[in-house]
Amino acid sequence: MDIEDLRTFVEVADAGGVTSAALRLGVSKSMVSRRLVRLEAELGVQLLARSTRGASLTEAGATFRDHAARVSAEIEVARETILPAGDLRGRLRVAAPLSFGPTHFAPVLAEMARRHPQLQIHTCYSDHVVDLIAEGYDCAIRLGYLQDSSLIARRVGPIYGKVVASPDYIKAHGSPETPEELLTHQALMQGTEAWQLMDGDKTITVRPQGRFKADNGTALVAAALAGLGIAYLPDGLIGEYLASGALVPVMTRHPVPPAGIYVVRPPAQHPARKVGVLIEMLIECFDPSPHP
């Protein structure tokens, strides 16, 4: 029984269709279909009920899926074990934020691909928080303060930020000095998120309001530069504008607490070595004082 046929079946079962599975695997839809037909012929049973809307598991397919997933995972671990020390192969699917990702994380992923010529790296850059398990990612790079979840997270570095506004906004509306004053200003946000600020040694939470929202940090920088409101942004997006004076810090008596850069992955008995190598490279790049 071909291991690629097994892995393809698992991807189709999890993705709910041939098209999505082909995208995950980086192969053509016809290749996915051929593998499924071959596997079903070998087993002598129909695993998937196909329709124009996708593919759903038959009773036999639902039973077989978990076994196939375990076998595929074990074979992947076995392959990694016998590779020459340091070598990686196969495919690594990574979700990374659109803000920061192409500028800060893409060079690390490119260097990883250069060091490991047998490794395929597929990266999705989006500020949408993807479902790693449902969408078939090996891991994701995430910024900020992580919410509780079943995912396994590893901090790979710090990230610092500031509350900022343009000089024109401050001239027109003043500069807030306290959390209470901040609530009377227009906030530029990605959604309905809370902002964390320091009050001495304590971390406090503020829930500002605003009429301009965007799901991307770069878009919020543009809005802040246009004088639309006050933004809570990482230093990596605003450094040049702070240096030029196009943006200025506000709420300086209540600074933003350091957040983190994290690699998160689905829970698994045997984490893939390629994810571990990516974590090591990110720590080397972003964390001046690595720690467990």
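Bear in mind the structure is a predicted one, so any value in this text is a computation, not a measurement.
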Undergrad: Using salt bridge (charged side-chain N to carboxylate O under 4.0 Å, His left out) as the criterion, list what pairs up with Asp127, not counting sequence neighbours.
TA: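 Asp127: no salt bridge (charged side-chain N to carboxylate O under 4.0 Å, His left out) contacts found.
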
Undergrad: How about CD on Gln209, more than 12 heavy atoms from neighbouring residues, nucleotides or ligands closer than 6.0 Å, or not?
TA: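 Open: at most 12 neighbouring heavy atoms sit under 6.0 Å from CD of Gln209.
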
Undergrad: Establish, for the pair Arg142 and Tyr262, whether the NZ or CZ atom is under 6.0 angstrom from the six-membered ring centre and no further than 45 degrees off its axis.
TA: no

Undergrad: Please work out which of the three classes, parallel, tilted or perpendicular, describes the rings of Phe286 and Phe105, given edges at 30° and 60°.
TA: perpendicular

Undergrad: If two hydrophobic side chains count as joined below 4.5 Å and joins carry through other members, does Ile238 share a cluster with Val250?
TA: no

Undergrad: Can you establish whether the number of heavy atoms outside Arg50 located under 6.0 Å from its atom CZ is more than 12?
TA: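 Enclosed: over 12 neighbouring heavy atoms sit under 6.0 Å from CZ of Arg50.
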
Undergrad: Could you list the residues that satisfy side chain to side chain donor-acceptor pair (under 3.5 Å) with Thr19, not counting sequence neighbours?
TA: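 Per chain and number, Thr19 pairs via side chain to side chain donor-acceptor pair (under 3.5 Å) with no residue.
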
Undergrad: More than 12 non-hydrogen atoms from neighbouring residues, nucleotides or ligands closer than 6.0 Å to CD on Glu59, yes or no?
TA: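 Open: at most 12 neighbouring heavy atoms sit under 6.0 Å from CD of Glu59.
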
Undergrad: Could you see if Met281 belongs to whatever hydrophobic cluster contains Ile261? Use Ile, Leu, Val, Met, Phe, Trp, Tyr and a side-chain cutoff under 4.5 Å.
TA: yes

Undergrad: Are Phe64 and Ile3 in one and the same hydrophobic cluster, where Ile, Leu, Val, Met, Phe, Trp and Tyr link if side-chain heavy atoms are under 4.5 Å apart?
TA: yes

Undergrad: Taking a hydrophobic cluster as the set of Ile, Leu, Val, Met, Phe, Trp and Tyr residues connected by side-chain heavy atoms closer than 4.5 Å, whether directly or through intermediates, do Leu233 and Trp195 fall within one such cluster?
TA: no

Undergrad: Hey, do the aromatic rings of Tyr125 and Phe100 have their centres closer than 6.0 Å?
TA: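 No.
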
Undergrad: Could you tell me the separation between the CG atom of Leu6 and the CD atom of Glu42, rounded to the nearest 0.5 Å?
TA: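 Result: 8.5 Å between the selected atoms.
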
Undergrad: Flag yes if Val129 and Tyr232 sit in one hydrophobic cluster, no otherwise; membership is Ile, Leu, Val, Met, Phe, Trp, Tyr, and two members link when side-chain heavy atoms are under 4.5 Å apart.
TA: no

